[in-house]
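These notes concern the structure reproduced below.
Below, each value reflects all heavy atoms present in this structure, side chains not excepted, and no hydrogens, waters or symmetry copies. We count ligands from 1, going down the list as the structure has it; atoms in each ligand are counted the same way.
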Amino acid sequence: MKEGYKGYKSYEYLDKNKDYKSFELSDELNRVEPYFIPLNEEQEKKVKRIIANHPVISLHDHPSITPKDVKELMDYEREGRECTAFEGLAHSAWDAVFDNMMDGTCVISSKAGWKWTDVIHDIGIRSCDIAHQDFLIKGSSVEDIYKAKAEGKVAWFISLESATMIENELDRIEILYGLGARMMGITYSESNSLGSGLKEKYDGGLTSFGAEAVERMNKIGMAIDVSHCGDVTAMDTIRTSKKPVFITHVGARSLWNMKRLKPDDVIKACAERGGVIGIEAAPHTTITKKHCRHDIESFMEHFEYIAELAGIDHVAFGPDCLYGDHVGLHNLFSSNMSIGENTKGDAFPYVDYVKGLENTTEASHNIIRWLVKHNYSEEDIRKVLGGNIIRTLKEVWI
Ligand SMILES: [Zn+2]
């Protein structure tokens, strides 16, 4: 366990059920039987050395805990008070995590989500919780990643999957940056004033307002994510941005024909302009023809394909996990998250959870273990765990 963690639990500075409605939460580490890829003694030593020596970064995650009973999830989200998985992160290998907050489940005052006041509520309340503990460092720069690693802590970066809540107000990008956000998506799966989402029948590319938003994000140093954009909008953003762009949580459509995954030309364009592609692990996304049952093997098949296509200098990991019943959450928020459209394509077996990637703790360890087991060099592992992300962040953040 990371030495910086002293046992803090979310909102323990308040009185439960007096100051806020509390819910019985999922077990952070043992909700399902944990699975760690078995290794020999020499490989275990290599894993330890890598974790000790190199920054390990999740480019996209949701390290919060959901209620044990998934039926309570909608009420929990309406309260607008997600609990952070401090213990889970303390047992992970991550030195830094891009936390995408409530995103599609941000339904505090609205059924459809993505309202400005709700997003501000989410950022404020989570930041208040983070301010009352000292294990997560609220991150604003690359230096915070090195600081967290040196102190046995985790750098926590606020990230937003879509810019829908800025509506037609460019200044809101600065307000979000001022509140701590360091990365933002252009669209979610639905279109907004910036561009077209991946679920749409027609993709009009980046709007003129979207191009202005990209320019403003470049100027203030807000990293850009196009994971949920339509293909034309993603390509337009990559070409319009003066800084490299991230595709933080995705897989290759060439391996499985699904709208949520990206075609080769978008992946290549992102890499050619210095961007980084993070591999996605949320249930029923990164499956392949060879491994259509979602698990660590199908996920790593996407990694190997994209590393070959884009180059080892342009790939990383954005597992997009949470601590709780992720499949149950998808079922409940199916329309908010466009799950039906995201996964449209050939039939595949449904799983209750993704073996080896059940939560971001398990994902962090199994990614490293898989790479070591498959004889990747320490230098290549250093790049894909964090080196590539740091290089690009140094170009983007100013
Ligand atoms: Zn997403």
Is it possible for you to check whether Lys153 lies under 6.0 Å from the centre of the six-membered ring of Phe135, through NZ or CZ, and within 45° of that ring's axis?
no
The ring-ring contact (aromatic ring centres under 6.0 Å, His included) partners of His314 (sequence neighbours excluded) come to none
Ignoring hydrogens and angles, tell me if any N or O in the side chain of Asn336 forms a donor-acceptor pair with the backbone of Phe333 under 3.5 Å.
no
Any side-chain donor paired with an acceptor under 3.5 Å for Glu161 and His228?
yes
Near the Zn ion (ligand 1) (protein N/O/S, cut-off 2.8 Å, waters excluded) we have Glu161 OE1, His228 NE2, His249 NE2
Can you list everything that forms a ring-ring contact (aromatic ring centres under 6.0 Å, His included) with Trp397? Sequence neighbours excluded, please.
Phe157
Could you list the donor-acceptor pairs under 3.5 angstrom formed by side chains in residues 177-187, with sequence neighbours left out?
{"residue": "Arg182", "atom": "NE", "partner": "Ser140", "partner atom": "O", "Å": "3.2"}
{"residue": "Arg182", "atom": "NH1", "partner": "Tyr177", "partner atom": "O", "Å": "3.0"}

